[in-house]
Structures are given as C-alpha cells and as structure tokens.
Engineer: 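The structure that follows is given in the form of structure tokens.
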2 protein chains.
Amino acid sequence: MKPVKVGICGLGTVGSGTFNVLQRNAGEISRRAGRGIKVAQIATRTSKPQFQTTGIVMTNDVFALAANDEIDIVIELVGGYTVARDLVLLAIENGKHVVTANKALIAVHGNEIFAKACEHGVIVAFEAAVAGGIPVIQAIREGLSANRINWVAGIINGTGNFILTEMREKGRTFEDVLAEAQTLGYAEADPTFDVEGIDAAHKLTILASIAFGIPLQFDKVYTEGITKLTTADVSYAEALGYRIKHLGVARSTASGIELRVHPTLIPADRLIANVNGVMNAVMVNGDAAGSTLFYGAGAGMEPTASSVIADLVDVVRAMTSDPENRVPHLAFQPDSLSAHPILPIEACESAYYLRIQAKDHPGVLAQVARILSERGINIESIMQKEVEAQDGLVPMILLTHRVLEQHINNAITALEALHGVVGSVVRIRVEYLN
Amino acid sequence: MKPVKVGICGLGTVGSGTFNVLQRNAGEISRRAGRGIKVAQIATRTSKPQFQTTGIVMTNDVFALAANDEIDIVIELVGGYTVARDLVLLAIENGKHVVTANKALIAVHGNEIFAKACEHGVIVAFEAAVAGGIPVIQAIREGLSANRINWVAGIINGTGNFILTEMREKGRTFEDVLAEAQTLGYAEADPTFDVEGIDAAHKLTILASIAFGIPLQFDKVYTEGITKLTTADVSYAEALGYRIKHLGVARSTASGIELRVHPTLIPADRLIANVNGVMNAVMVNGDAAGSTLFYGAGAGMEPTASSVIADLVDVVRAMTSDPENRVPHLAFQPDSLSAHPILPIEACESAYYLRIQAKDHPGVLAQVARILSERGINIESIMQKEVEAQDGLVPMILLTHRVLEQHINNAITALEALHGVVGSVVRIRVEYLN
C-alpha cells in the first residue's frame with residue numbers, strides 16, 4: 001500500500017519529537033502499521049528545522065496545510081485555543097483526519113470539534129493530550145469498555161508533582177522548588193496553568209468524559225492549586241502515614257459527578273502515592289476490573305511524540321473503516337452521552353485533614369470536638385504537636401471520616417470563631433483510593 | 001444495528017464472570033459499542049448455570065457451538081491445550097472470530113492459530129490471556145506502536161507475588177504461605193504452573209512477541225521458580241534496599257532476545273517493587289515513551305471478564321473492516337516478523353546477588369574477590385553478617401555489576417571449590433529497571 005501522507009502543524013518540542021521518532025523508527029512503525037507514514041508537509045512560523053527537509057513542503061501557513069489536498073492526516077501541535085481550533089475545524093471540513101496533543105483545545109472546544117468530525121466522517125485523535133506517553137485514553141475508552149467506571153484519579157501534571165516531591169523529600173518550600181523548576185525548564189515562565197491546576201483540569205475534563213460518557217465540561221471543574229501548601233503540612237501528612245499529591249479526581253455518584261483538582265493526602269502505601277518527580281499516573285476504578293493504574297512520562301518531547309504517532313497508526317488503520325463502527329471520540333456513542341450533572345464542590349464528599357493553630361490552654365480540644373460532632377463529622381485520628389516556641393501555639397491536626405464539603409466548611413467557620421483558635425484552619429482533602 | 005451473537009465455551013470462573021458482567025453492564029457496553037452483545041449459546045460440560053438461561057441455547061458440545069451458524073464470535077474459556085486448540089481452529093474454519101483468555105494455548109499454539117485466522121480473515125483476540133484485567137496487550141500493541149521496545153518486565157503471576165509478599169512482610173516460609181494460598185483458593189492443588197514460573201513463561205512468551213515482533217517461542221523461555229527462595233535471602237535483600245519479585249523479563253539486545261522468568265532483586269524504590277499481594281504489573285521500556293507501567297488485578301472472575309469483554313467490543317468494531325487494516329495478532333504484520341534469535345540463559349546479562357556461606361577465618365574474602373576479579377566481575381557492594389551461632393559460618397552477601405551469566409556460573413563453580421566456602425552459593429539475578 002502507498003504511504004499515508006501527513007502534515008505537521010507546529011515544530012516546537014512535540015512537533016520536532018514527532019518528526020524525529022517517525023524518521024528513526026520508520027521501519028518498526030511500518031512493520032506494525034502495514035504501510036509507511038510520510039511527512040509530506042510541515043507548517044511552522046518560527047522554528048528552523050534542525051533536519052533535512054528534502055521532499056517535504058515547508059510552509060508558514062497552517063491553514064494552507066489544513067486545506068492541502070495531498071495530506072491525509074493533519075497533526076495539530078501549535079497549541080492554544082484560537083489558531084488551533086480554526087485549523088482543526090478547517091482540516092475536518094476538508095475531510096482530513098486530525099491528531100492533536102492539545103488538551104486545552106479538546107477540553108474547551110472538544111464538543112464542537114467532535115460534532116463537526118462526525119458530520120464529516122473523520123477521526124480526531126488525542127491520546128497525547130492526557131498524560132503524555134501513557135496510553136491512558138485508549139485504556140479507558142477501549143481496554144476497560146466492559147466496566148461501569150466508578151472513579152478516575154490522576155497525577156496529571158508533572159511540574160506540580162516535581163514540586164511536591166522536592167518539598168517532601170528535601171523539606172524545601174514551594175517558592176524555592178518552583179524557581180528551580182523554571183530554571184530546569186520543567187515549569188513555564190508563567191507557571192499558572194501548572195501550579196493552579198488549570199492544566200490538570202483540562203486533562204481531568206477529558207478523562208471524565210471518556211470514563212462516564214458525559215460531554216466535556218471544563219467550566220464545571222473545581223480547581224485548587226498547590227501554591228498555598230506549606231512544608232509543615234507536607235511533613236505532618238508524612239508523620240500521619242500519608243503523602244500529599246496534586247490529584248485530579250472524577251467520581252460518579254448517584255446524585256452527580258464530582259470533578260475536582262486539588263492537593264490531596266493519599267495513604268503512603270498506595271502505589272500512586274509513590275509516583276514521584278515529573279512522572280504521571282492515572283488510576284481507574286471499574287466495577288469489573290477493580291483498580292488499575294497507568295504510569296509513565298506525562299510530558300516531554302519523545303513521550304508525547306510516542307502517543308501522537310500511536311494515534312497516527314490507529315487513524316491509518318481506521319481510515320478505510322465504516323465511521324459507524326469506529327471507537328467514538330468520547331468513548332460512548334455521541335447520541336448516548338449522559339446528562340448526569342456535575343456536582344458543585346460543596347456537594348462533593350471527601351475525608352479531610354484539618355490543621356488548627358490552638359492557644360495552649362485546656363478546653364480547646366473539647367470545643368473543637370464538639371463543633372465537629374454537632375455537624376456529624378467523625379474524627380478518624382488526631383495528632384497534637386508540642387507548643388511551638390515562636391508563638392506559643394499548639395498545632396492540632398485532625399483527620400476526619402468522609403463527609404460533605406459543605407459540612408466541613410460550616411465547621412471551619414465555627415472553628416475559626418473560637419477564642420482558642422488563631423488564624424485560618426488549613427484544610428486538605430484526603431482520598432483513600434481503594 | 002442488530003446485536004452481535006456470541007457463544008461462550010466453558011462456564012467456570014471466567015465464563016460465569018463474563019456472562020454476569022455482560023448482563024449487568026449491558027446498557028453501558030452498548031452505549032460504547034453502538035450495538036448490543038447477546039449471549040446466544042453456552043457450552044458447558046460440568047457447571048450448572050447459576051442464572052436464568054431463557055433465550056440461550058445450552059449445549060455440552062463445544063464443537064457444536066464452534067460450528068453454529070448463528071454465532072458470530074466464539075469465546076473460548078475451557079482452558080488447556082487440546083480441546084481448546086481444536087475448538088478454536090474449528091471456529092476459525094467456520095469463519096468465526098475468537099476471543100480467548102487462554103495463555104497456554106496462545107503461547108504454545110498461537111503461531112498456528114494466527115496463521116489459520118489470517119487465512120480465514122478472522123480475528124483471534126487474547127487481552128485476557130496476560131495480566132487479567134490490565135489492558136496491557138493493547139497498550140504494547142497499539143499504545144506504544146511508535147516505539148522500538150527495549151525491554152518488558154512483569155509481575156505476571158499473582159500467586160507467586162502473594163507468596164513473596166507474605167514472605168517479606170511477615171517473615172514466613174515459602175511452604176507455609178503456599179499452603180495458605182491453596183486454602184484461600186489463590187493457588188491450585190497442583191501449584192507447579194504458578195510457583196515454577198510456567199504460567200509466567202506463557203505470558204512472557206506473548207508479551208515478547210508483541211513487543212519485538214517475533215514468533216511465539218515458549219520452549220525457549222528460561223524458567224526458574226520461587227520454590228527454593230529462603231526467608232534469609234528475602235530479608236538480606238531487604239537490608240540491601242531491594243525487594244525480591246518473581247519477574248518475567250524480555251530484553252532485546254544486539255545479539256538476540258533474552259526471555260527469562262526468575263526471582264529477581266529490584267531496588268525497593270521502584271514502583272514495580274511495591275506491587276504487592278496478588279496484584280500484577282507490567283513495565284515496558286520504549287525508546288520514545290521511556291518506561292511505562294501498567295498495574296491491576298492479574299486474575300479473578302470479573303477482572304478477567306473485563307478484558308474478555310473489551311476484546312468482544314473491539315472485535316465487534318473490527319468485524320466489518322478490511323482484514324488488511326486490522327491490528328496484527330502479534331502487533332507486527334505476519335510477513336514482517338523478525339528472526340532475531342532467543343539467547344540461551346548463559347548468554348544473558350544481569351547483575352547478581354550472591355550469598356556465600358564462609359568459614360570464619362581470615363583470607364576467604366580475599367579469595368572470593370580474586371575469583372570474581374579474574375573473571376571480570378565487578379563488585380557493587382558487599383555485606384558480611386555476624387557469625388551464625390548454630391554452625392559458626394559467616395554469610396557473605398555480594399552484589400555484582402552486570403555480567404554475562406556464563407561468567408557468574410564459572411565463578412560460582414570456583415567459589416564452591418574454595419576450602420573456606422561451605423555448600424552451594426545462592427545466586428539471584430538483580431534488575432534495576434531504569
């Protein structure tokens with residue numbers, strides 16, 4: 001068979017990696033795919049290719065590439081929402097299949113893009129958009145298709161996980177590690193997307209859709225970053241037998257779906273609690289398979305290229321098939337998506353870690369216990385530290401049983417009003433993931 | 001579309017689980033697959049179904065089912081080599097697609113079965129044959145298709161892992177834990193397949209084929225069980241910062257492919273070293289994706305059913321496609337399989353843990369060091385324990401750098417001939433998996 005002709009839009013880290021891996025492993029890839037994959041055109045505005053471009057049409061116009069009759073598959077690696085959206089829609093209108101690594105694009109404009117793709121009978125593949133080199137989209141969408149998925153929980157931002165790992169292992173502060181991550185190139189100059197959880201929320205939006213068969217609803221994800229985490233809480237968590245991870249959690253409940261990204265205590269003996277540095281992992285709990293975990297590099301030039309090319313091979317195989325029989329973009333048939341609502345964070349249920357700064361006099365603990373008990377909040381364990389020299393306050397750390405967030409919020413308001421409690425109560429959610 | 005009609009051969013644990021999950025999640029599955037999956041016939045010789053069989057043709061003749069014109073897909077869950085082989089070949093000859101969970105069948109008769117399937121344009125799917133509910137076949141075959149795979153290493157026998165976990169955590173002996181595992185139903189009355197590594201070798205055979213594009217070669221796997229492991233070695237390994245796991249390792253080298261199942265020391269901080277109890281995990285190292293890990297339940301009624309049904313959904317989708325464009329059974333096109341040889345164990349390379357029982361007199365260590373050094377074997381670390389009260393011997397534990405197995409074998413012969421060394425030298429391979 002004749003090689004498939006692909007066009008690459010964007011020659012940054014992932015674009016270059018995709019080109020390099022396609023060249024280096026061309027033999028291996030065509031032994032699998034049954035036909036070659038030829039890069040026929042590259043659109044780049046900024047980068048000068050570091051490789052021989054003989055036989056490749058170079059352009060600075062991504063839209064010209066998306067409309068080029070010679071191209072079968074368009075690889076969108078320009079990033080962002082605007083140009084990427086226009087270019088993907090144009091490619092689809094021109095009857096081309098699309099492969100993208102752009103999580104923001106899929107999380108925010110995916111519903112529109114997939115509807116257009118169905119209309120034109122083409123595939124939009126996005127394995128590389130979540131957890132880089134880990135084939136977790138396929139695992140949930142196909143490998144676990146027998147299951148009613150109960151929940152998905154993932155460490156899906158490498159920068160955040162690197163920062164938390166350094167804070168725990170070396171007792172460093174958030175600000176200190178972030179500065180280093182920026183120097184190392186793990187974090188952007190503007191780290192907001194990573195450390196405020198927006199990047200993780202994009203990925204969680206996608207994971208939840210394919211797990212539960214719901215439309216993409218990025219604007220409904222509750223998102224809390226790691227910027228306010230202190231080394232004190234990291235080490236208290238450790239002392240209690242937990243690790244703090246920045247987790248994306250999507251859980252299906254009878255009343256709706258929880259979609260939330262936040263720092264989370266996880267028991268230290270869980271496999272996912274031991275995923276360190278820039279690595280990613282996604283746990284999926286299904287009613288038949290139980291808990292599975294998928295681990296690997298969540299970003300980087302070649303891991304992301306690995307998933308882009310896996311999608312290419314899948315698309316090459318599916319190109320000649322009947323569109324009705326293909327794997328649906330969001331795992332479930334477009335006419336079978338569920339309207340199960342996304343719950344506001346106050347209606348989500350979790351266990352909690354609370355740190356209270358108490359004055360060193362008797363009776364405070366009894367007052368704290370009464371406030372919690374009156375609101376139906378059971379205490380799992382309690383740890384009271386020595387009086388701190390500098391301020392004479394006693395850090396009191398509590399772990400609660402599972403409870404609705406609105407009850408914890410009420411309790412915290414009452415706790416902060418106590419005469420014996422100083423300042424704000426620190427609250428971090430706890431997940432057992434079993 | 002009309003529902004696809006499937007026939008289930010064998011109504012043991014996995015057969016019942018498959019039926020139950022298909023019924024329970026029928027809505028969820030057809031929302032994904034786009035059409036229903038109907039169990040039209042069940043063949044069982046022994047079991048009485050625990051469920052309502054209205055509308056299902058019951059038979060005790062698996063061959064009648066395999067030849068039934070009403071059936072589109074045959075699910076082979078009878079196990080073993082003989083009947084299973086005949087039944088699968090008959091189904092293929094009758095133009096039916098096959099789904100099987102039978103690792104022994106695929107490892108031993110897979111080449112013949114896949115050739116016949118290609119001839120008849122049908123699919124034989126076997127996700128459930130390796131690592132139960134973990135979709136690792138698909139991950140390697142499709143999710144990592146961009147990669148030149150360097151190595152695969154897996155904990156792929158839950159019984160063995162349960163035994164090793166108990167030995168480490170509770171200091172129990174192999175025999176003691178095995179007896180309990182048999183009582184709990186984790187281990188068969190004849191545990192040979194599990195504890196001697198034959199079951200793991202079946203699975204490794206399959207993993208290696210799809211990773212490297214080689215024919216199935218079960219008879220070339222080097223297989224060593226866990227029956228001779230002592231609690232002493234388990235705890236010495238622990239003291240050195242390692243865990244002992246029964247690992248299947250397939251590694252591609254310039255001179256050939258290593259295929260081996262044996263107890264293995266792994267650094268305790270590796271994620272796979274923390275996979276405990278009956279759980280399974282497979283690590284895959286590819287040149288683009290780096291190391292990925294896939295974790296979950298490796299056996300059991302519903303986890304295995306999860307993979308059987310995922311295969312069913314895949315087959316339903318691919319049924320109407322052009323056979324030329326389907327995912328090849330062994331990941332690589334049948335005419336592109338490689339003849340890269342499987343290496344004999346003497347030509348495999350590994351680091352080693354050696355335990356030597358030395359008489360308590362000076363000079364033994366110098367002699368040991370000389371024997372290793374003369375054979376080009378570098379010592380990574382050495383640990384000498386107290387003199388043991390009962391026999392006055394000194395356990396001397398060495399970790400070597402990576403070396404060809406034949407050199408270690410030569411060295412061990414020389415060590416055992418030393419006057420100061422008593423009994424056999426214990427040798428366990430060490431893998432760093434990074």
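The figures here come from the full heavy-atom set of this structure, side chains too, leaving out hydrogens, waters and symmetry mates. All of these numbers come straight from a predicted model, not from anything done at the bench. Below, read A as the first sequence line, B as the second, and so on, with proteins coming before strands; counting in each chain starts at 1.
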Engineer: When heavy-atom pairs shorter than 4.5 Å are enumerated against chain A, which of B/Gly300, B/Ala33, B/Ser30, B/Ser336 gives the highest number?
Structural biologist: B/Ser336

Engineer: Pick one of side chain, backbone, both or neither for B/Arg35, based on which atoms fall under 4.5 Å of a heavy atom in chain A.
Structural biologist: neither

Engineer: Quick one: what part of B/Leu22 sits under 4.5 Å from any heavy atom of chain A, side chain, backbone, both or neither?
Structural biologist: neither

Engineer: Can you tell which part of B/Glu127 gets under 4.5 Å to a heavy atom of chain A, answering side chain, backbone, both or neither?
Structural biologist: neither

Engineer: Between B/Asn325 and A/Thr320, is there a side-chain donor-acceptor contact under 3.5 Å, judged purely by atom types and distance?
Structural biologist: yes

Engineer: With distance as the sole test, does B/Asn25 use its side chain to make a donor-acceptor pair with the main-chain N or O of A/Ala146 at under 3.5 Å?
Structural biologist: yes

Engineer: Please report the shortest heavy-atom distance between A/Ala289 and B/Ser306, naming the atom on each side.
Structural biologist: CB-OG, 3.6 Å

Engineer: Would you say B/Ser145 and A/Ile309 make side-chain contact, with heavy atoms under 4.5 Å?
Structural biologist: no

Engineer: Can you tell which of B/Ile134, B/Val327, B/Leu330 has the highest number of heavy-atom pairs within less than 4.5 Å of chain A?
Structural biologist: B/Val327

Engineer: Counting a contact as any heavy-atom pair under 4.5 Å apart, which residues of residues 275-284 of chain A contact chain B?
Structural biologist: A/Val275, A/Met279

Engineer: Please state whether the side chain, the backbone, both or neither of B/Thr304 comes within less than 4.5 Å of a heavy atom of chain A.
Structural biologist: neither

Engineer: For A/Val21 and B/Asn147, what are the C-alpha separation, side-chain angles and deciding distance, and is it a side chain to side chain contact (heavy atoms under 4.5 Å, CB included)?
Structural biologist: CA-CA 8 Å; A/Val21 174; B/Asn147 292 262; over 6 Å; no

Engineer: In terms of heavy-atom pairs under 4.5 Å, which option from A/Glu142, A/Arg317, A/Glu28 contacts chain B the most?
Structural biologist: A/Arg317

Engineer: Among B/Ala139, B/Ala310, B/Gly213, single out the residue with the greatest number of heavy-atom pairs under 4.5 Å to chain A.
Structural biologist: B/Ala310

Engineer: Under 4.5 Å from any heavy atom of chain A, what part of B/Asp314 do you find: side chain, backbone, both or neither?
Structural biologist: side chain

Engineer: Side chain of A/Arg31, backbone of B/Phe332: donor and acceptor closer than 3.5 Å?
Structural biologist: no

Engineer: Give a yes or no on whether the backbone of A/Arg32 and the side-chain of B/Gln333 come within a donor-acceptor separation of less than 3.5 Å.
Structural biologist: yes

Engineer: B/Val313, B/Thr292, B/Leu271: which one forms the most heavy-atom pairs within less than 4.5 Å of chain A?
Structural biologist: B/Leu271

Engineer: Need one label for B/Asp287: side chain, backbone, both or neither, based on atoms under 4.5 Å from any heavy atom in chain A.
Structural biologist: both

Engineer: Are the side chains of B/Arg326 and A/Ser321 in contact, using a 4.5 Å heavy-atom criterion?
Structural biologist: no

Engineer: For chain B, find which of A/Ala297, A/Pro328, A/Gly290 contributes the most heavy-atom pairs closer than 4.5 angstrom.
Structural biologist: A/Pro328

Engineer: Taking every non-hydrogen pair under 4.5 Å, which of A/Gly132, A/Gly133, A/Ala288 racks up the most with chain B?
Structural biologist: A/Ala288

Engineer: Quick one: which of B/Met319, B/Met301, B/Glu324, B/Arg24 has the most heavy-atom pairs under 4.5 Å with chain A, could you say?
Structural biologist: B/Arg24

Engineer: For the CG atom of B/Asp322 and the CG atom of A/Asp322, what is their distance to the nearest 0.5 Å?
Structural biologist: 13.0 Å

